There are 2 protein chains.
Amino acid sequence: MLSIGELSKRTGVKIPTIRYYEQMGLIDAPERSSGNQRRYSRQGFERLSFIRHGRELGLTIEDIRELVTLSCHPEKPCGDAHHIAARHLASVQARIAKLKRLEKELKRISILSDSGHVGECNVIRSLSDHSHCETEH
Amino acid sequence: MLSIGELSKRTGVKIPTIRYYEQMGLIDAPERSSGNQRRYSRQGFERLSFIRHGRELGLTIEDIRELVTLSCHPEKPCGDAHHIAARHLASVQARIAKLKRLEKELKRISILSDSGHVGECNVIRSLSDHSHCETEH
DNA sequence: CTTGACCCTATAGCTACTAGAGAGATTATA
DNA sequence: TATAATCTCTCTAGTAGCTATAGGGTCAAG
């Protein structure tokens, strides 16, 4: 049986976050010690690891709740789970594309000398400048 | 002079967001019509565009506030502005790297058949499985 | 048995918005 | 000029996903 602090160390999820997940119903309320402290079993550890992976992959709490529910009903078809992953894959790819554009822009912005004054500064000029926009506005 | 609605259309920033920026002190409170409605000048439009660009690049409100302050003091050296851009470039690159790892993982997860049941589902198994982790925990 | 590290609940705060209520202003049309 | 449609106003509260704080109780080593 793990205390919340040990569970936190082993999963890398912060203590208040673990309690938050419990409150949100993502993890079951664990057993308590005689002094009312949380004591986690191996299952508790695994559930939290599952959630942590999901969050690292950028799934929302809601997505994870769906997956948790599915995993409690192994007789259901798993199309839903694939659907969640696929939906997320698309959004990850979109985010990568967008960030790459931003990277290019930031490089363009900060490439020049650091020695000037704000009056002729590229960072500020670039942010005021629409000529490089890829979205129109 | 633009109404808040027109300003919103031209910059792509939603009306409540414009008022929020004003409240946060990112943009100056504009003139008002006789009936107390906001009326924006060309400068107001430019300032908001500047902010919008910054947000699109993922700068925080605080970063932008610093840049706005800098841009009001053109006699200062612009190292600070470059520093903000450079710091952000680093974090964008880190995010790209992380998302690419996630993309790979999601592809691995959702590549297989959709026909199974949760019991043998890859999505859920993968999220419980640490063997592909690149970060240790 | 005391000390220090840990844990408890409850509440408030964070970022960057977004939504809604209820009232007033502006503008287009009849 | 009257009226209807469309803005716009302020204020409050809600969103996600935590994080921090206050004021207390618990656990394990020496």
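Quick caveat, the model's predicted, so the values are computed rather than measured.
- Within residues 25-40 of chain A, the residues having any heavy atom closer than 4.0 Å to DNA chain C are, in order of number, R32(A), N36(A), Q37(A), R38(A).
- Residues S8(B) and K14(B) come closest through the heavy atom pair OG-CA, 3.8 Å.
- Taken to the nearest 0.5 Å, the CD atom of E31(B) stands 10.5 Å off from the OG atom of S33(B).
- Near DNA chain D, meaning a heavy atom under 4.0 Å from it, residues 14-24 of chain B has I15(B), R19(B) in order of number.
- Taking E46(A) as the reference, R42(A) meet the side-chain contact (heavy atoms from CB on, under 4.5 Å) condition, with sequence neighbours excluded.
- With rounding to the nearest 0.5 Å, the separation of CD1 in I4(A) from NZ in K9(A) is 12.5 Å.
- We find that CZ of R65(A) is positioned 12 Å from C1' of dG17(D), with the value rounded to whole Å.
- The backbone N or O of T11(A) lies less than 3.5 Å from a partner atom in the side chain of R52(A), making a donor-acceptor pair.
- In this structure, E6(A) places its CD atom where more than 12 heavy-atom neighbours from other residues, nucleotides or ligands lie under 6.0 Å away.
- With rounding to the nearest 0.5 angstrom, the CD atom of E66(A) is 10.5 Å from the CD1 atom of I64(A).
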Sequence neighbours left out, cut at 3.5 Å: what donor-acceptor pairs do the side chains of residues 15-29 of chain A make with other protein atoms?
unit_1	atom_1	unit_2	atom_2	d
E22(A)	OE1	R38(A)	NE	2.8

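- Using a 4.0 Å cutoff to heavy atoms of chain B, the contacted part of DNA chain C runs 5' to 3' from dA16(C) to dT26(C).
- In this structure, the separation between CG on L7(B) and OG on S49(B) is 8.0 Å, given to the nearest 0.5 Å.
- The residues E62(B) and R65(B) are annotated as salt-bridged, a charged nitrogen and a carboxylate oxygen being separated by less than 4.0 angstrom.
- Going from atom CD1 of I51(A) over to atom CG of L48(A) covers 5.5 Å, rounded to the nearest 0.5 Å.
- For the helix from dC1(C)-dG30(D) to dA30(C)-dT1(D), the end axes, each set by the C1' atoms of five terminal pairs, are bent relative to each other by 0° (nearest 10°).
- For the pair L2(B) CG and dC7(D) P, the interatomic distance rounds to 15 Å; values are reported in whole Å.
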